[in-house]
Number of protein chains: 2
Amino acid sequence: MKAEIIAIGNELVSGQSLDTNSQWLSRELGRIGIAVRFHTTLGDDLQENVDAFHVAFNRAELVLMSGGLGPTQDDLTREALAHVAGVPLVEDAVSLAAIEAMFARRNRPMAPRNRVQAFLPEGAEALPNRVGTAPGIWMRVGPSLVGCLPGVPHEMRLMYDEQVLPRLRQAGFVTRAIVQRKINMFGKGESDIEAEAMDLTARGRVPEVGITAHEATISLRVVGEGATEDEARRMMEPTIALINERFGPLIVGEGKEDVADGLVKLLASTGKTLATAESCTGGLIAHLITAIPGVSAYYPGGVVSYANEAKVQLLGVPRELLEAHGAVSPEVAAAMAVGVRDRFGADLGLSVTGVAGPTGGSPEKPVGLVYLGLVTDKGVETRRLDIGPEQPREVIQQRSAKHALNWARIALLPRATSEA
Amino acid sequence: MKAEIIAIGNELVSGQSLDTNSQWLSRELGRIGIAVRFHTTLGDDLQENVDAFHVAFNRAELVLMSGGLGPTQDDLTREALAHVAGVPLVEDAVSLAAIEAMFARRNRPMAPRNRVQAFLPEGAEALPNRVGTAPGIWMRVGPSLVGCLPGVPHEMRLMYDEQVLPRLRQAGFVTRAIVQRKINMFGKGESDIEAEAMDLTARGRVPEVGITAHEATISLRVVGEGATEDEARRMMEPTIALINERFGPLIVGEGKEDVADGLVKLLASTGKTLATAESCTGGLIAHLITAIPGVSAYYPGGVVSYANEAKVQLLGVPRELLEAHGAVSPEVAAAMAVGVRDRFGADLGLSVTGVAGPTGGSPEKPVGLVYLGLVTDKGVETRRLDIGPEQPREVIQQRSAKHALNWARIALLPRATSEA
C-alpha cells in the first residue's frame with residue numbers, strides 16, 4: 001500500500017511559501033503504518049492538476065491533498081478532481097448551510113464567491129470544517145481513495161484528526177501501530193547529549209532512538225512498533241525509563257512541550273507564582289508562558305520595560321543604578337527581578353536585559369550580551385549570556401527567553417535533582 | 001518553458017525531515033524567469049525514481065534534483081538517471097581525483113564506497129563540489145536538461161550558484177528578469193478583497209496579480225517581467241499605484257512586513273509613542289512590536305496583566321469596575337488602555353482583555369470573546385471581537401493581537417485616509 005501527498009498552490013511551487021503540510025501528513029500516516037512514497041506540489045493550473053492527479057491515482061492507493069479549496073478563481077482542486085473522476089460538480093446543501101452558519105457566527109456577510117466552496121464532485125462525501133469555510137472532500141477515484149483538505153495548516157490538521165483518520169480506520173488502511181515519543185531537553189549542546197546517548201542511538205537498536213535539535217532544544221525521538229498502540233507503547237517503556245534516569249534534570253517535556261511547559265508544570269506542582277520583567281526579549285517570555293492554557297494561577301503577569309524610564313517607574317529600579325551601570329548590567333537585571341516580584345506579589349521574579357541588535361552594541365556591551373536576573377526565597381542571582389554579535393535579533397531574543405525560562409525551571413526542581 | 005524540482009530521500013518522503021531545497025531552488029529559478037511548475041519528493045527506491053523521472057522529463061524542459069548522490073546503497077540518483085537515459089554508468093577520473101583530494105585535505109582515509117560517487121551516466125558532465133564529496137551531474141535526457149545536486153543544503157546552494165546558474169545562462173534558459181512584490185493588507189476578509197480586486201487578479205492580466213491569505217493578513221502578489229530587472233520594476237508601477245490607491249488604509253507593508261510593521265512605521269512618522277496592556281494576548285503584542293529593530297523610541301513598553309490583581313496594582317483599574325463588569329468587558333478594556341498610557345507616559349494606550357480558552361468561557365462570555373481598548377488624544381474607545389469558540393487558543397491570541405495592532409495603526413493614519 002503506497003500513499004501520495006499533493007500540495008496545491010502557486011505560492012508553494014514558486015517558492016514564495018514553504019509547504020509544511022506534506023511533511024505533517026506523512027508523519028501522521030507513518031504513525032499508523034501507511035508508507036508515503038511520493039509528495040507532489042502543483043500550481044493553480046487546471047490541466048497540470050488533472051495530469052498530476054492521473055499520475056498519482058496510478059501509483060498510490062491513498063492520495064491526500066491540501067490546498068486549492070478556497071473561494072477564489074485560483075482554487076481548482078474541486079474542478080480538477082471532478083474532471084479526473086469524470087463526474088460533474090454538484091452543490092452540497094449541508095456544506096452550504098455550514099458555510100452560511102460560519103459567516104453568521106462571525107457576524108459577517110457571506111460573499112457570493114464562497115458559495116463555490118459548497119460544490120463537490122458528484123458522489124463525493126463532504127468533510128465538515130469546524131474552523132474554516134472550506135469543506136474537505138472524500139471520494140474513491142478508480143482504485144484510489146482520495147482526501148482533499150484545506151491548505152491552512154490548523155484547519156488541515158483538525159480535519160485530518162477528526163475526519164480523515166476515522167475514515168482510514170474504517171477503510172481498513174490502518175494495520176500496524178507506530179508510536180513516536182519525543183523527549184525534549186534543554187541546557188546542553190547536541191554533541192554533548194549525543195555523546196551520552198551513543199548506546200541509545202546505535203543503528204539497529206529496538207526501539208529506534210533518533211536525536212534532533214531545534215532552537216537549542218535537543219530531542220530524543222523513540223519509535224515503537226506493534227500490532228496495537230498499547231503493544232507499541234509497552235515495548236518502548238524500558239527505553240523511556242532509561243532516558244529519564246540518565247537525562248532527568250535536562251528534560252523539559254514531551255512532544256511539542258518546550259522549556260516554558262517544563263517551567264509551568266513545576267510552578268503547578270510546587271504551587272509557586274512567577275512574574276517577569278523583560279527588556280530585550282520584549283514580551284516573548286510572557287508570550288511563551290501564556291501560550292500555555294491555564295497558567296493564570298501561577299503567572300500573575302509581567303512588565304515589558306523597554307524604555308529606561310519604564311524600569312524606574314514600573315519596576316522601581318533606582319535611577320542611580322541605571323546611570324552607574326547602564327541598563328544592560330547584572331545590577332539592573334537583579335533590580336528588575338526583585339522589582340517585578342514585589343509589584344506582582346509573586347514568589348519568583350525573573351528578568352532579562354540585553355542587547356538584541358542589530359544596532360545598539362558597543363565594544364564593552366556587544367550585540368548578544370544579555371543578563372538574566374532571578375529572585376527566589378534563597379535570594380537574588382544574575383547570569384550572563386554571550387549569544388554572539390553574529391546572531392540575528394530573533395535568535396538572540398529566542399535564546400535569551402529560553403535560557404531565562406530554563407533557569408527558573410531548574411530553580412524549582414526538587415533540590416536533589418537540580419544538584420545532580 | 002516549465003521546470004520541475006525533485007527532492008530525493010526516505011527521510012523527506014516519510015516526513016522525518018522537511019525539504020527546504022525545493023523552495024530555495026524554485027525561488028532562485030523564478031528570479032531569472034524560469035517558472036517552476038512541479039515539485040516531486042521521492043524515497044530511495046530505484047523503480048519509483050525511474051518512473052517519476054519519466055513523468056518529469058515528459059512535462060518539464062528543466063529538471064533540477066537534490067539528494068541521492070551520497071556514497072551509500074540508498075543513494076540511487078546516478079543509477080536511476082542512467083537507466084532513464086538508457087546509458088551505462090562510467091567512472092569519471094576528474095571526479096575521482098577530486099573525491100580523493102577532499103579526503104586527503106580532511107586527513108581521513110577514503111572509504112571504498114566513496115568511489116561510487118565518481119560514477120556518472122555516460123555522456124554526463126560532472127559538476128565539481130568544492131565543499132563535499134558528491135559531484136553533481138549535468139546532462140540532457142531527451143528534450144530535458146537535467147541537473148543533479150547534493151541534498152545537503154549548503155552544498156546544494158553553492159553548486160547551484162557556481163555551476164548550475166552559469167550553465168543555464170549558456171543554454172539560453174535565462175532570458176527574462178522576474179520581480180515579485182507582495183503587498184500585505186489587514187482588516188478585511190479574503191473574499192471581500194478579492195471581490196474588489198477582480199480586475200487585478202483576472203487571468204491573463206499583465207502584470208499578473210495573485211491573492212493569498214496568511215493568518216488573516218491578505219496579500220496581493222504582483223509579478224513583473226522584463227528584459228532587465230529595472231524594466232520589470234517599471235512595468236509593475238502602474239499596478240502598484242492602483243493597489244495603493246484602492247486599498248490604501250488596509251495596506252500594512254510589503255514583503256515580510258505585517259501589521260506590527262505598519263504600526264511602527266506610523267509611530268515613527270508621527271513621532272508618537274504607544275504603550276500596551278495585555279491580558280489574554282499575554283505579551284504577544286509587545287513581542288510582535290519588539291521583534292522589529294529600533295522601536296525603543298516609540299515603544300516604552302507594556303504590562304502583561306494576567307491576574308486581576310495586576311490590573312488593579314499595575315494599571316490602576318478600579319477594583320469596583322472589575323467586580324461590576326468582570327475582567328472581560330469594555331469598561332475594563334478602557335481602564336487598562338488609559339492606565340497603561342498614564343503609567344508609561346505614552347501618547348497612545350492599547351489594551352486587550354478576553355477569553356483565549358480553551359477553558360474559562362461561559363454562556364455570556366464565551367471563548368473567543370475579546371475586548372480591545374484604545375486611548376488617543378481624541379479619547380478612549382473600545383471594540384468587541386467575536387473570534388469564535390471553535391478557534392484554538394493560539395489563533396484567538398494571534399487574531400486579537402493583529403486586530404489590536406491594526407486598530408492603533410488606523411488611528412495613526414492621516415485623517416483623510418483613515419476615514420476613506
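Fair warning: this is a prediction, and the values are worked out from it, not measured in the lab. Within every chain, numbering begins at 1; the chains are lettered A, B, ... in the order of the sequence lines, protein sequences first and strands thereafter.
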Report yes or no: does [X] contribute a side-chain atom to a donor-acceptor pair with the main-chain N or O of [Y] at less than 3.5 Å?
X: D19(A); Y: S22(A); value: yes
X: D386(B); Y: G388(B); value: no
X: S26(A); Y: V13(B); value: yes
X: Q23(A); Y: G15(B); value: yes
X: T353(B); Y: A327(B); value: yes

Side chain proximity check, [X] to [Y], heavy atoms < 4.5 angstrom:
X: Y306(A); Y: V295(B); answer: yes
X: H154(A); Y: V152(A); answer: yes
X: V303(B); Y: L314(A); answer: yes
X: L274(B); Y: I289(B); answer: yes
X: H39(A); Y: T41(A); answer: no

Chain A contact via [X] - which portion, at a heavy-atom distance below 4.5 Å:
X: I292(B); value: backbone
X: K2(B); value: side chain
X: Q397(B); value: side chain
X: E390(B); value: both
X: Q180(B); value: side chain
X: L385(B); value: neither
X: S305(B); value: backbone
X: T281(B); value: backbone
X: S14(B); value: backbone

Heavy-atom contacts under 4.5 Å, residues 48-55 of chain A to chain B: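 Within residues 48-55 of chain A, the residues that come under 4.5 Å of chain B (heavy atoms only) are E48(A), A52(A), V55(A).
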
What residue, out of [options], has the most heavy-atom pairs lying under 4.5 Å from chain A?
options: G282(B), G283(B), A310(B); answer: G282(B)
options: R203(B), E190(B), K311(B); answer: R203(B)
options: Q391(B), E394(B), R343(B); answer: Q391(B)
options: L18(B), N308(B), N10(B); answer: L18(B)

Measuring heavy-atom distances to chain B, does [X] have an atom under 4.5 Å in its side chain, in its backbone, in both, or in neither?
X: S17(A); result: backbone
X: N107(A); result: side chain
X: I6(A); result: neither
X: M102(A); result: side chain
X: Q73(A); result: both

For the residue pair W24(B) and Y160(B), categorise the inter-ring angle as parallel (less than 30°), tilted (30 to 60°) or perpendicular (more than 60°). perpendicular

Looking at A7(A), A356(A), A291(A), which one has more heavy-atom pairs under 4.5 Å with chain B than the rest?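 Heavy-atom pairs under 4.5 Å are most numerous for A291(A).
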
For the side chain to side chain contact (heavy atoms under 4.5 Å, CB included) test, which of L64(B), N58(B), T40(B) pairs with E4(B)? T40(B)

Hits for side-chain contact (heavy atoms from CB on, under 4.5 Å) against P293(B), two or more places apart or cross-chain, chain-then-number order -> P358(A), R393(A)

